[in-house]
Amino acid sequence: MSVLEALRVAFSGLASNRLRSGLTMLGILIGVGAVILLVAVGNGTTARVQSQIQSLGTNLIYVYPSSARGAGGVSQGFGSGQTLTQPDVDALNAQSQAPHIVNAIPVTGVPGVMTYQSQNWFAQASGTTQQFAQVRDYQVSAGSMFTASDVTNSARVVVIGETVVDNLFNGDPNSAVGQLIKIQRISFRVVGVFAPKGSAGLGNQDNIAVIPISTAWAYLEGGRGKNISQIIIQADSSDDIQSAENEATQVLLNRHQISDPSQADFQMQSQQDILNTAGQITGALTILLGSIAAISLVVGGIGIMNIMLVTVTERTREIGIRKAIGARRRDILLQFLIESMFLSGVGGLLGIVVGAGLSAWAGSSGLNFGGNSLPAPIVSWPSVVLAFGVSVGIGLFFGIYPANRAAALNPIEALRYE
């Protein structure tokens with residue numbers, strides 16, 4: 001029997017039981033569609049997180065204070081202590097010591113309730129310098145950023161994000177400029193409003209208020225000294241991030257008079273480190289989602305085996321007749337393998353259409369969950385090819401036993417079967 005003849009016979013056998021064949025293909029369809037859709041969701045999440053990290057700024061390195069190792073060599077924790085100072089920032093900005101560093105800005109966090117007339121809103125206030133918008137890649141949509149003079153004079157001015165505007169000024173940035181708001185009961189004049197950056201992935205980057213760091217020290221920190229919670233360093237290019245990090249490390253070690261880097265009272269994390277960590281997490285999530293969906297493919301394969309066993313039983317006399325008139329064992333084997341692979345192959349093709357279609361629909365519909373838009377799924381064509389190949393392979397694997405059972409039937413006993 002030729003392959004074309006085997007295909008014709010296999011299709012004829014499946015067409016005689018359309019409903020059963022359709023339900024069997026449905027299991028594979030759901031499995032392939034689920035794999036494609038969930039892997040696309042994982043890819044979309046990865047792209048969303050990477051975009052959010054990139055929106056923090058470009059070529060950034062974060063320096064956090066941490067206490068030097070105490071008794072027993074135990075560190076007192078990441079981000080603890082007050083080991084960073086303004087002279088550290090000045091040294092990092094000295095081009096002679098760190099030529100690959102474009103900017104280094106201090107940041108101190110001051111949480112507090114913001115009040116405008118009868119409206120209250122909680123946002124993180126950050127004390128920093130006039131270079132914050134440039135380093136963190138914020139654009140000012142109304143008004144302007146505060147100036148170096150404001151930092152020098154500890155001016156009570158503030159630049160706020162879109163979320164603060166939405167909750168205190170009914171979403172009108174122009175009406176916010178020039179108004180007085182209170183942060184921890186201290187009045188500040190709004191001089192600018194940041195353009196929106198987004199509120200998904202890494203938290204709400206628009207729920208922010210930025211004031212001069214000298215003002216934060218003078219009015220909001222309660223006389224606790226000139227605390228710096230982090231230093232943000234901007235390297236001159238992505239290729240020089242590691243060089244800038246090495247320079248910054250050496251500058252701070254020298255300033256803090258530390259000869260052993262393992263005893264450093266600060267810790268660094270580059271933007272690339274964050275991207276790599278996020279990529280590992282989202283990559284593992286994508287694999288997990290795909291693996292969960294792949295379970296339904298195995299269930300569909302078991303369904304194919306079950307149906308093929310029923311088919312062999314129903315067509316026992318047919319098999320006996322074919323063998324009696326000269327059909328060889330491999331002809332019977334080929335026929336039933338083609339039937340099982342046809343079921344899984346067509347189900348896989350339909351699954352590709354459904355999975356890709358649902359991914360496109362989810363991306364265009366802008367679905368929301370918990371107030372945040374879900375990331376648009378990104379279909380990965382390698383996952384499409386893999387899912388289809390696995391579906392055909394499942395048809396082959398789960399069809400081998402029924403096909404062997406059919407091919408091994410004794411023609412005399414098969415002709416006697418009632």
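Note that this is a predicted model, so its numbers are computed, not measured.
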[X] versus [Y]: any side-chain heavy-atom pair under 4.5 Å?
X: Arg136; Y: Leu60; answer: yes
X: Pro402; Y: Met305; answer: yes
X: Leu309; Y: Arg405; answer: yes
X: Ile228; Y: Pro65; answer: no

Quiz prompt | Geometric class of the Phe194/Tyr138 ring pair [parallel <30°, tilted 30-60°, perpendicular >60°] | solution = tilted
Let me confirm one number: the [atom1]-[atom2] distance from [X] to [Y], rounded to the nearest 0.5 Å.
X: Leu29; Y: Ser296; atom1: CG; atom2: OG; answer: 10.0 Å
X: His100; Y: Ser243; atom1: NE2; atom2: OG; answer: 5.0 Å
X: Arg20; Y: Thr24; atom1: CZ; atom2: OG1; answer: 7.5 Å

Compute whether any side-chain donor of one residue and acceptor of the other, for [X] and [Y], lie under 3.5 angstrom apart.
X: Asn254; Y: Gln250; value: yes
X: Trp121; Y: Asp166; value: no
X: Thr249; Y: Asn246; value: no

Quiz item: Does CG in Asp260 sit with more than 12 non-hydrogen atoms of other residues, nucleotides or ligands closer than 6.0 Å?
Solution: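 Buried by this count: over 12 neighbours within 6.0 Å.
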Quiz item: side chain to side chain contact (heavy atoms under 4.5 Å, CB included) with Phe388: which of Val390, Val392, Leu386?
Solution: Val392
Output yes when a side-chain donor or acceptor of [X] lies under 3.5 Å from a complementary backbone atom of [Y], and no otherwise.
X: Asp150; Y: Ala155; result: no
X: Asp88; Y: Thr85; result: yes
X: Asn93; Y: Ala104; result: yes
X: Ser144; Y: Gly192; result: no
X: Asn306; Y: Ile302; result: no

Quiz prompt | Any residue meeting salt bridge (Lys or Arg N to Asp or Glu O under 4.0 Å) with Asp240, in chain and number order, not counting sequence neighbours | solution =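 So Asp240 forms no salt bridge (Lys or Arg N to Asp or Glu O under 4.0 Å) with any residue.
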Self-check item: Phe169: partners by ring-ring contact (aromatic ring centres under 6.0 Å, His included), with sequence neighbours left out
Solution: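 Once residues adjacent in sequence are excluded, the partners of Phe169 under the ring-ring contact (aromatic ring centres under 6.0 Å, His included) criterion are Tyr116.
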Practice problem: Mind jotting down which residue pairs meet the side-chain hydrogen bond (donor to acceptor under 3.5 Å, both in side chains) criterion with at least one end in residues 183-193? Sequence neighbours excluded, please. | Solution: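 Applying side-chain hydrogen bond (donor to acceptor under 3.5 Å, both in side chains) to every pair that reaches into residues 183-193, excluding sequence neighbours, yields nothing.
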